[in-house]
Amino acid sequence: MRFLFQLFFYLFLVSVLAQSKNQLKTETDSVSSYLELATFYNKTNEYNLAIAYAQKAFDYAKSMRNPKKMAQSYAAMGAIYFEINKFEEAAKQYTKCLEIADAYPASNEQAYSYFQLALCQIELKQYLNAELNLENAKNIYSFLRISDAITLIQLQMGIVKEAKGDFDAAKLVFNQLILQKGKKDPLSITSTALYHLGNIELQNFRYRLALYYLNKAEKTNGNNNLILRTKILLALSKAYEKSIDMPMAYANLKLHMQLEDSLINQNRRKFGPRDFDQFQENERLKTIEKLDKENKAQQKASRIANIIIILSIAFILILSLLSISLYKNNLIRKKSNVLLEEKNQELELAKTKAEKANKARADFLSTVSHELRTPLNAINGITHLLLEENPKASQLDYLNSLKFSGNYLLTFINEILEINRIESEAIEVEQLSFNLKELTENLQNSLKELAIINNNRFSILLDPAMPSQVVSDPTKLSQILLNLINNALKFTKNGEVHVTTKVLQLEGENINIEFKIADTGIGIPEDKLESVFDSFSQGSIEINRKYGGTGLGLSIVKRLIEILSGTITLESQVGKGSTFTVVLPFRISKEDDVPQNQFTYNDHVFKNKKVLLIEDNKINQMITKKMVENKAMICEVIDNGEDAIQSVKNNRYDLVLMDVHLPGINGTIATQTIRTFDTQTKIIALTAISLNENREMLLSFGMNDVITKPFNPEEFYHIICKNLEA
């Protein structure tokens, strides 16, 4: 290990000196000379001076704002700490070096630092990190085409695998290195690989094979690498001992000890006589101090021993009594555990039943609401068409009543589907820019008629500090306010309903706004204040019959407020009225925020456009075709997916309106098939969208857009116009 370290350090130093030629002369003289002095004192074991000069090199490089020289200084300090076996500190220095060097193109010092960091981690037994850093070094040296360095890295990889116990992988690496080097081995790689192969066979109790590799390693190495030779001789001694060849075991052990003493004496001489005497004195003082501590500890232990004996006897008596008590308690605990297990099983069974019942309820409501949308589309569609044909005055009242009833039923179905979506968390929050004042004014205008019917004074008072343009989900906000105001007007007769807004908190572009909806209506009993937010709850059957509704409105309101990260509170007295207070967070709109969509279209876009309608329901065919033709478009009708595919293949259409639920091949599969030969024609899905469907799912089959049944005529034309213009 030490031999490899020295070799790489010299390679690194050469690269440092070569690169320094391109720097300013003053900088080169200072940093490079400090690094040379640090290297010199490192060789002569004067480590304090070596570190001091390495630090001077770093300080000067930092003052010159030269990151590359700073990295070289860190590497030099790492080399010094490695030399004195301070591997943790060395690893820190190499890591700092790499934090700088990795920002520059691949270089020799970068690869050197990765390699040295890996050597530190091997010494610290951090083998996984060592493997990663060896791989980093290998990649850089491969890029730089320095083959000898790559071979040394492979050798270390084999040593790491051996240390981890992965002997097969290690042997494969060592054998490859032996084959690569052959007779040309200036770096002792072959002898090192042979030594490790012998060491592996020794650990696996294959002593003859171990002797073969170790003797070959000794012959190959000779006196090239004395540190390696001491290891080989010690391993040979162990192998001969295991093979019951004691003379050879003794001979190799003797050579090992002689060589090791020689190396120790060399190091001692390199360390310097004064330093060595000081070191021996320090060690002697440490030994005396240790013996003194041990003597005091023995005396203290002797004094405590008698106390411990007495306490032990008492402890044994207490332990015996506790054992009897624990035995009895254990019998009781076993009986309790049996009862608890039975109760847990009952609870698990009840939980499973409840989950199945809840899922069945959700599936049923989703199916019912979905299936009701198809005939409701016919009711609303025909009503819309009749109203557009200038009906007689005597018919107008009937048609308006029909439209009101259809919209009421649609609201009922939407609330059922909405509560299912919310409870299943299949709901998304939009972030759109919209005019808050305009939204509240529209709500007021849409509810004026209900206020007049119930003879209520209805007002909305806005805080002047409230910004007009904010970012949130306008649809969900409209649902919340519409439900609450509608309830207030519905449950109040000959009274007052007041809506007020107030800015509570303004921090930068974030704002909290309070909406207070107060009425003088029938009020809510105290025992019903909490349950009114539950699904299908309206206080009593009499209220439901008198005022109507699904009992889902407040449940939807509460969940939507939670989704928007807001709060709702309720105060109410029977006969005096109720006050709902909602606090919601908003963001003040900026120029680049996405605006709320408006249903706009240009009638000229529709003229003479050829539209294919795929719809199996005869009434829906009639309604949709009529709505299309009312805008001067040409409409062709097909009632199944198979014929639709062939028609698109054989004809050119400007637009395809594809019903999702078709007999045979459904709309999604038909669209997917059409997209295999036609990627240009616009295809819009028509669906009474259910809980398990969503826009993204339908678009994934190749559809360009989605129109939901029952159609909102303005939205219907807006979406068609948008796709025809695209």
Side-chain angles (χ1 to χ4, degrees), residues 1-5 7-8 87 115 118-135 137-138 148-246 248-253 255-257 259-260 263:
M1 181 74 75
R2 185 75 65 193
F3 172 74
L4 295 175
F5 161 73
L7 176 63
F8 265 83
F87 301 115
F115 181 79
L119 294 185
C120 295
Q121 289 164 339
I122 292 171
E123 294 291 345
L124 296 169
K125 295 183 171 51
Q126 298 171 356
Y127 300 122
L128 182 60
N129 290 335
E131 283 183 312
L132 292 173
N133 287 312
L134 285 171
E135 191 64 35
K138 180 182 175 183
D148 285 342
I150 295 171
T151 307
L152 288 171
I153 290 168
Q154 289 174 331
L155 178 64
Q156 290 304 310
M157 285 182 173
I159 293 170
V160 171
K161 293 182 187 300
E162 178 188 355
K164 290 168 62 179
D166 191 355
F167 294 141
D168 290 339
K171 287 166 67 176
L172 181 63
V173 173
F174 294 138
N175 282 316
Q176 288 175 345
L177 289 170
I178 292 168
L179 292 173
Q180 286 175 12
K181 296 309 292 185
K183 293 181 180 180
K184 297 178 181 180
D185 191 12
L187 304 178
S188 300
I189 289 176
T190 302
S191 51
T192 304
L194 287 167
Y195 160 71
H196 283 284
L197 284 170
N199 200 40
I200 290 171
E201 300 301 343
L202 186 59
Q203 293 181 68
N204 289 324
F205 313 111
R206 293 191 282 266
Y207 304 124
R208 289 186 180 179
L209 195 55
L211 285 170
Y212 168 77
Y213 284 125
L214 292 169
N215 278 313
K216 200 170 180 181
E218 167 67 1
K219 183 178 179 182
T220 305
N221 181 63
N223 288 318
N224 289 340
N225 187 337
L226 296 179
I227 295 174
L228 176 62
R229 192 183 179 203
T230 61
K231 295 179 180 179
I232 295 171
L233 291 171
L234 182 60
L236 277 169
S237 176
K238 290 179 181 178
Y240 278 122
E241 182 184 359
K242 296 295 183 180
S243 301
I244 318 178
D245 188 345
M246 294 307 173
M248 288 299 293
Y250 173 75
N252 281 281
L253 180 61
L255 285 172
H256 163 75
M257 293 176 69
L259 185 56
E260 193 172 56
L263 289 173

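Here the structure is a predicted model, which means the values were calculated and not measured. Because only heavy atoms are used, hydrogens play no part in the values below, and waters and symmetry mates are left out as well, while side chains stay in.
The CD1 atom of I122 lies 9.5 Å from the CE atom of M157; values are rounded to the nearest 0.5 Å. Atom CD1 of I227 and atom CD1 of I232 lie 12.0 Å apart (nearest 0.5 Å). Interatomic distance, N221 CG to R229 CZ, rounded to the nearest 0.5 Å: 8.0 Å. In this structure, CG in L194 is found 12.0 Å from CD1 in I189, a value given to the nearest 0.5 Å. I150 CD1 to L134 CG: the interatomic distance, rounded to the nearest 0.5 Å, is 12.5 Å. Atom CG of L172 is separated from atom NZ of K161 by 9.0 Å, given to the nearest 0.5 angstrom.
The neighbour count for Y127 OH, taken as heavy atoms of other residues, nucleotides or ligands under 6.0 Å away, is above 12. By the neighbour-count criterion of 12 heavy atoms within 6.0 Å, atom NZ of K164 is densely surrounded, having more than that number from other residues, nucleotides or ligands.
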message = Does L155 form a side-chain contact (heavy atoms from CB on, under 4.5 Å) with I159? I'd like the steps, not just the answer.
response = CA-CA 6 Å; L155 178 64; I159 293 170; 4.3 Å; yes
task = Evaluate the side-chain contact (heavy atoms from CB on, under 4.5 Å) criterion for residues L211 and L236: first the C-alpha distance (whole Å), next the side-chain angles of each, then the deciding distance (0.1 Å), finally the verdict.
result = CA-CA 7 Å; L211 285 170; L236 277 169; 4.0 Å; yes
request  = Please test L233 against L253 for side-chain contact (heavy atoms from CB on, under 4.5 Å), starting from the C-alpha separation and ending with a verdict.
outcome  = CA-CA 6 Å; L233 291 171; L253 180 61; over 6 Å; no
ask   = Should L226 and T230 be marked as a side-chain contact (heavy atoms from CB on, under 4.5 Å) after you check the CA-CA gap, both sets of side-chain angles, and the distance that decides it?
value = CA-CA 6 Å; L226 296 179; T230 61; 5.7 Å; no
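N199 places no side-chain N or O within 3.5 Å of a backbone atom of Y195 that could act as its donor or acceptor partner.
Looking only at side-chain heavy atoms (C-beta outward), S191 and N225 stay at 4.5 Å or farther from each other. With contacts defined as side-chain heavy-atom distances shorter than 4.5 Å, the pair Q121/E131 does not qualify.
Nearest heavy atom pair, residue M246 against residue E241, reads CE-O, 3.9 Å. Between L202 and A239 the shortest heavy-atom distance is CD1-CA, 3.8 Å. Residues G158 and A170 share a closest heavy-atom pair of O-CB, 3.5 Å. When all heavy atoms are compared, the tightest approach of S237 to A249 is OG-O, 2.9 Å. Closest approach of F167 and E162 over heavy atoms only: CE2-O, 3.6 Å. A pairwise comparison of heavy atoms in K216 and T220 identifies O-OG1, 2.7 Å as the closest pair.
Checking K242, R206, K238, R208 one by one against E201, the salt bridge (charged side-chain N to carboxylate O under 4.0 Å, His left out) holds for a single residue, R206.
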